[in-house]
Amino acid sequence: MQKNPYQTYKQQSVMTMTQGEMLNKLFEETVKQLSFAEVYLKDKDYNKTNDALQRAQRILNHLRATLNFDYDISNNLAALYEFFVSKIVEANIKKESGPIHEILPMVKELQETFIEADKRARNPQAAAAAPTPPAPQPPRAPAHPSAARTAAPAHPASRTSSPTTKPRPTAAKPHTVP
């Protein structure tokens, strides 16, 4: 059976990407799927909405699963990814675009942060001259107890192990801010 040349090219380009390029592609796809979901929700096409939101959710879960927790920032990123996933699930269940509108700018900002970090990692002289952007932080929990059901998830370090917790895959390359 002969392979499609375009598929071969795509596979080779993915296999030769740097971690920074791969992160950028994953974030691009997440933004694209969230944007598609907004359009599908507006058109009341709930099957396509579900597909787009599940794709975005799978990407964010992959990013969270491949974090390298040897770095302090990984805990913040894990909490942020969990928050994004919770908002995607909320949008999918309620069939509302509000949660997507809430996280889409944050996902884009995180993507820009990773792009900048990748540029600095590739060019250390330019990195020394440029100011350091602040590290991304998960959203704060609301002060009012009745609003707690929409709060960001608990900090990953405070989670207890449960039988439903899946172990992190070991085959994937961990990602960090270069």
Side-chain angles (χ1 to χ4, degrees), residues 3-43 45-69 71 73-92 95-123 126-127 130 132-139 152-153 156 168-169 171-178:
K3 265 191 169 181
N4 179 339
Y6 178 71
Q7 288 293 78
T8 303
Y9 167 76
K10 269 180 55 176
Q11 183 179 11
Q12 286 176 344
S13 68
V14 167
M15 298 303 286
T16 59
M17 285 182 180
T18 66
Q19 282 186 336
E21 292 168 334
M22 181 62 75
L23 277 171
N24 187 36
K25 282 287 188 198
L26 290 169
F27 275 104
E28 278 178 11
E29 187 63 23
T30 303
V31 168
K32 183 173 92 174
Q33 293 302 324
L34 291 173
S35 298
F36 283 165
E38 285 182 315
V39 172
Y40 298 144
L41 273 171
K42 188 177 175 184
D43 294 341
D45 188 341
Y46 299 125
N47 286 332
K48 287 184 179 177
T49 300
N50 180 55
D51 290 343
L53 290 175
Q54 284 187 358
R55 286 183 180 137
Q57 187 177 345
R58 279 193 301 271
I59 293 168
L60 291 166
N61 283 331
H62 171 76
L63 289 171
R64 186 178 58 213
T66 58
L67 282 170
N68 182 347
F69 286 94
Y71 300 93
I73 195 169
S74 295
N75 289 321
N76 291 342
L77 289 170
L80 204 52
Y81 295 153
E82 287 177 29
F83 174 73
F84 293 158
V85 168
S86 72
K87 289 297 179 176
I88 290 170
V89 169
E90 179 183 342
N92 209 359
K95 304 302 181 211
E96 295 175 356
S97 62
I100 299 170
H101 290 303
E102 183 179 346
I103 65 168
L104 195 52
M106 290 187 264
V107 173
K108 289 177 181 178
E109 184 179 341
L110 189 56
Q111 177 185 16
E112 291 301 318
T113 301
F114 276 118
I115 290 170
E116 184 63 30
D118 187 47
K119 285 179 188 174
R120 290 177 185 213
R122 291 172 188 252
N123 189 355
T132 304
Q137 297 293 318
R168 280 192 327 170
K173 291 191 331 192
H175 74 276
T176 59
V177 177

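It should be emphasised that the depicted structure is a prediction, and the values quoted were computed from it without experimental measurement.
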Between CD1 of Ile88 and CZ of Arg58, what distance do you get to the nearest 0.5 Å?
11.0 Å

Report yes if some heavy atom in the side chain of Tyr81 is under 4.5 Å from a heavy atom in the side chain of His62; otherwise report no.
no

Going through the distances and angles, do Leu34 and Leu53 end up as a side-chain contact (heavy atoms from CB on, under 4.5 Å)?
CA-CA 6 Å; Leu34 291 173; Leu53 290 175; 4.0 Å; yes

Would you please name every residue forming a side-chain contact (heavy atoms from CB on, under 4.5 Å) with Asn24, sequence neighbours left out?
Glu28, Gln111, Ile115

Distance in Å, Ser74 OG paired with Leu80 CG, rounded so as to fall on 0.5 Å steps:
12.0 Å

Student check: side-chain heavy atoms of Asn47 and Tyr40 closer than 4.5 Å:
no

Beyond-backbone contact of Leu104 with Glu38, side-chain heavy atoms, under 4.5 angstrom
yes

Applying the side-chain contact (heavy atoms from CB on, under 4.5 Å) test to Leu77, which of Asn68, Leu63, Leu110 qualifies?
Leu110

Between Lys25 and Glu29, does any side-chain N to carboxylate O distance fall below 4.0 Å?
no

Met106/Phe84 under side-chain contact (heavy atoms from CB on, under 4.5 Å): CA gap, chis, key distance, verdict:
CA-CA 9 Å; Met106 290 187 264; Phe84 293 158; 3.7 Å; yes

Looking at every heavy atom in both Ile100 and Ala37, which two are closest together, and how far apart are they?
CD1-CB, 3.9 Å

Rounded to the nearest 0.5 Å, the NZ atom of Lys108 sits from the OG1 atom of Thr30 at a distance of 12.5 Å

Minimal heavy-atom distance between Leu26 and Ile59, with the atoms involved, is O-CG2, 3.6 Å

Could you tell me if Arg64 and Asn61 have a donor-acceptor pair between their side chains, going purely by distance under 3.5 Å?
yes

What distance separates Gln33 CD from Arg55 CZ, expressed to the nearest 0.5 Å?
5.5 Å

Atom CG of Leu67 and atom CG of Asn75: how far apart are they, to the nearest 0.5 Å?
8.5 Å

Grab the two heavy atoms, one from Thr49 and one from Asp45, that are nearest each other, plus how far apart they are.
OG1-O, 2.8 Å

Within this structure, what is the CD-CG distance for the pair Glu21 and Leu23, rounded to the nearest 0.5 Å?
10.5 Å

Is the shortest side-chain N to carboxylate O distance from Asp118 to Arg122 below 4.0 Å?
yes

More than 12 non-hydrogen atoms from neighbouring residues, nucleotides or ligands closer than 6.0 Å to NZ on Lys95, yes or no?
yes

